[in-house]
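All figures in this text were calculated on a predicted structure; none of them were measured in a lab. The chains referred to below are lettered A, B, ... by the order of the sequence lines, with proteins before strands, and numbering in each begins at 1.
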Amino acid sequence: MPGAKLVLRDVRKSFGAQEVLRGIDMQIAAGEMVCLIGASGSGKSTLLRCINQLEPIDDGTVLLDGEDISEPGRDLAAIRQRIGIVFQSYNLFPHMTALENVMLAPRRVLGQTDTAAAERLFQQFGLDAHMSKYPDQLSGGQQQRVAIVRALAMQPEIMLFDEITAALDPELVGEVLEVLRRLRSGGMTMVLATHEMGFARELSDRICFMDGGVIVEEGAPKQIFTAPQVPRTQAFLRSVLR
Amino acid sequence: MNRRQAYEAAERRRSLIVAVLSTAVVAAGLILLVPLAPGWPAVRASFFDGGIFVDTFPTLLRAFAIDVMIFAWSVPLICATGLAIALARGARSPALFPLRIAGAVYVDVFRGVPVVLTIYLIGFGVPGLGLPRPWNSPYIWGTVALVLTYSAYIAEVLRSGIESVHESQRNAAICLGLSERDTMRYVILPQAIRRVVPANMNMLVALQKDVALLSFIGPVEILRQAGIYKSLLANFTPYVVAAVIFLAVTVPATRYADHLLNRDRNARR
Amino acid sequence: MWKYLSSQAIAAVLIAGSAAAQCAADKTLTEGKLTIATGNPAYYPWVIDDAPESGQGFEAAVAYALAERMGFDAGDVIWTRTSFDQAIQPGAKDFDLNLQQFSITEERDKVVDFSTPYYTAPMAVLVRGGGDVSADLDSLRQLRWGVMATTTALPVVMQTIAPATGPLVYDDNVNVVEAMKAGQVDAALFDLPTALYLAAAVLEGGQVLGQFSADQTENPDRFGMLMTEGNPLKACVDEALAALAADGALAEIEATWLQEATGVPLIK
């Protein structure tokens, strides 16, 4: 895939004696949406954290626009501006209002004091009524949407989503997935770790099934969900799609 | 009022009556029994002489102003130094390793040495090196001693506050591209400081009392003034006056700290 | 127990046999013994080497002379130590007499009993290398003063000298000296014997600038032996002290231990 936005080559990561990623190879094109599926502990979250260098990788390379961003000693802050990430537990800053949460990084990193762009994002995702509220005054779904807006405010080239609906009450999942749908239609390059199989099947370009720290099988959603080739994929899908 | 509410109201009334009665019994016991002790008249004359109380109160109150003054200029210095030490102790960069060690030694030494000893050593020792007036003032060096001791305590409290902020907050900030420095300043510290305010309030109450230890190196603040009166009048009542003045300040402050602590605990539940 | 003590008392009286001994009988803490308190530590020249048992030093010597007049053997004198606070606190005391340069004042006399004075101490000014200060009140007023909290020096500083800046006050004469070394204090006021001792042995470059004559200060510093309020022993102590003064024994002790006190200029 020439000109791939993001390339992972033989990425390896261990925590102590436990090898969590055992050689991941992956290419993601600009505008592509890739879903990582697999059981808890299969390495999905770690893989996302290794892409934006929150976890330094032990071996292998991560290329962003052909540039090696996994080289030890690089200025990681500059890289992380280009790759946004949203976590399962929102991680909003509790001592700041929603707008302050969103404006902190643009203000400190980009020197951008004008809040107009941030306010547009709030409007775009139906959050304009909540800009001056504190996180503990917002529902889980609202908090997660603010967290997404916060990441978007840095105008990242790629967005990573780590199980962002897993901590939500079922009735709040929809509003967050709706945000993702909009991003998708806007052409954002996205990598998601998710348990929302229906959503993954409906929207993604490609599904990667992970197990034991490797990508066991990957392919178009239709192929993976209807005709998985590998027995481990079949077993996993049977257990979650029942 | 439903049945449950009626029952609870009756229960409340009953507890109130019991509490009032038991308090009255204890108070009456103290008031009636203590004066029966054979030494009571002597104790009363030595500690609770009304005339001496009234005579010494104004001067002691004026002397207390010195305590308040020392306290007032010590607090900002203590907070700033404590913050610097806490940050030094948390420094991650290997280049700052010496700073980390220095911070650890500082905290161990000044928490380990009794305040009085630090006050003597710094208050007499440093000016003894030959500093000219007014730089050898016991007010300056006594304050330095208080700052050294209390900033060590505050640093530890702050550090525990910094460590209590969940790692995910730091990750979220880092992932937005914030520098370590900005992450500490805008994300970690505001949360950490908010959490340790109640603990630090208790620290400040303790400081308010320890300010009186500066009297060992000369300043005539309230405790010393009370000691002078005690010596002149051969009576301990001035100390009781001093205690009353201290309590008038420290009790509300302690209550306020407890209030903050409780509010914090409820908020986190 | 009581019977045993009484028979002991009678035996003691019989052995001692003097009128004073009969005076003190039944009036001391331990029958037949005289318990005397001093400071902790006790300083030169009042007690030499902090060892009152030796009888060396002015107050130690006075104590033994007094005990003898009251009919106690030297071996019957028991020494104990108290702070100033312990001496004036209410309740039972563990001494018969307490002598550690307690100045007799009207206020103190309401709480405890004092013997008649055994020494009248002039107040003296201690300075460090005081070549540039003259011994007159005008120049003394410009100095930064240090005094000990438990002495009557503070009222003298405030009333007689009235310095321009408030004095610094310390617990202990060692701390006053320390503050002088640190340059925080220019001058300190002590009773003359203490000032002489500090100048000679403790404060490097120390010098006694001058002394106040007894009539210059409102109350001359008269040292008395402290006893509990209403102690019946007081009469016996006063009687013995009067005898010591009358036959010159007290003056002789003073000449032995406090002789340096002469020759210090008067402050005008």
Side-chain angles (χ1 to χ4, degrees), chain A residues 45 48-56 75-97 100-112 118 134-136 143-144 146-162 167, chain B residues 79 82-83 86-87 90-97 154 157-201 259-269:
Chain A
S45 281
L48 292 179
R49 286 156 170 264
C50 284
I51 290 176
N52 84 335
Q53 308 296 310
L54 185 56
E55 298 288 355
D75 173 21
L76 296 174
I79 293 159
R80 289 179 187 137
Q81 291 169 41
R82 299 169 63 188
I83 308 177
I85 186 165
V86 182
F87 301 96
Q88 176 180 333
S89 52
Y90 337 135
N91 300 350
L92 292 182
F93 308 133
H95 58 297
M96 296 180 182
T97 64
E100 286 165 353
N101 261 277
V102 171
M103 282 305 295
L104 176 65
R107 200 170 268 155
R108 299 303 313 165
V109 182
L110 308 176
Q112 173 189 324
Y134 285 89
D136 61 5
Q143 289 190 56
Q144 192 59 294
V146 172
I148 294 171
V149 168
R150 183 172 70 175
L152 291 175
M154 290 300 283
Q155 295 167 318
E157 299 160 29
I158 301 178
M159 283 290 289
L160 310 176
F161 297 94
D162 186 5
Chain B
C79 290
L83 180 60
L87 292 177
R92 289 171 187 234
S93 146
L96 298 180
F97 185 71
I154 298 272
V157 171
L158 264 178
R159 200 168 69 103
S160 73
I162 289 171
E163 279 167 8
S164 78
V165 176
H166 200 268
E167 183 69 14
S168 63
Q169 287 284 310
R170 194 181 153 267
N171 284 347
I174 295 274
C175 286
L176 288 168
L178 258 67
S179 63
E180 289 276 356
R181 197 193 150 92
D182 280 351
T183 300
M184 182 53 83
R185 178 162 166 207
Y186 293 100
V187 176
I188 310 289
L189 271 186
Q191 298 186 54
I193 288 172
R194 205 159 302 192
R195 281 180 205 190
V196 298
V197 159
N200 281 340
M201 281 290 291
H259 164 74
L260 287 181
L261 206 62
N262 282 332
R263 202 183 59 181
D264 194 48
R265 201 176 297 137
N266 291 337
R268 243 186 274 183
R269 197 176 289 147

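Using modelled atom types, no side-chain atom of A:Gln81 and backbone atom of B:Leu178 make a donor-acceptor pair closer than 3.5 Å. Although no hydrogens or angles enter the test, the distance criterion places no donor-acceptor pair under 3.5 Å between the side chain of A:His95 and the main chain of B:Ile188.
Looking at A:Leu160, neither its backbone nor its side chain comes within 4.5 Å of chain B, counting heavy atoms on both sides. Of the atoms belonging to A:Ile79, not a single heavy atom falls under 4.5 Å from chain B. Heavy atoms of B:Ser168 lying under 4.5 Å from chain A belong to its backbone as well as its side chain.
Nearest heavy-atom pair across B:Ala172 and A:Phe87 is CA-CE1, 4.1 Å. The two residues B:Asn171 and A:Arg49 come nearest to each other via the heavy atoms ND2-NH1, 3.9 Å. Contact record, B:Tyr186 with A:Met96: O-CE, 3.3 Å, taken as the closest heavy-atom pair.
Rounded to the nearest 0.5 Å, atoms CD (B:Glu167) and CG (A:Asn91) are 10.5 Å apart. The structure places CG of B:Leu176 at 10.5 Å from CZ of A:Arg80, a figure rounded to the nearest 0.5 Å. One distance of note links CG of A:Leu104 with CG of B:Asp182; it measures 7.5 Å at 0.5 Å rounding.
Per-residue counts of heavy-atom pairs under 4.5 Å with chain A were compared for B:Ser179, B:Cys175, B:Pro190; the largest is that of B:Cys175. Between chain B and the options A:Leu76, A:Val86, A:Asp75, A:Leu54, heavy-atom pairs under 4.5 Å are most frequent for A:Leu54.
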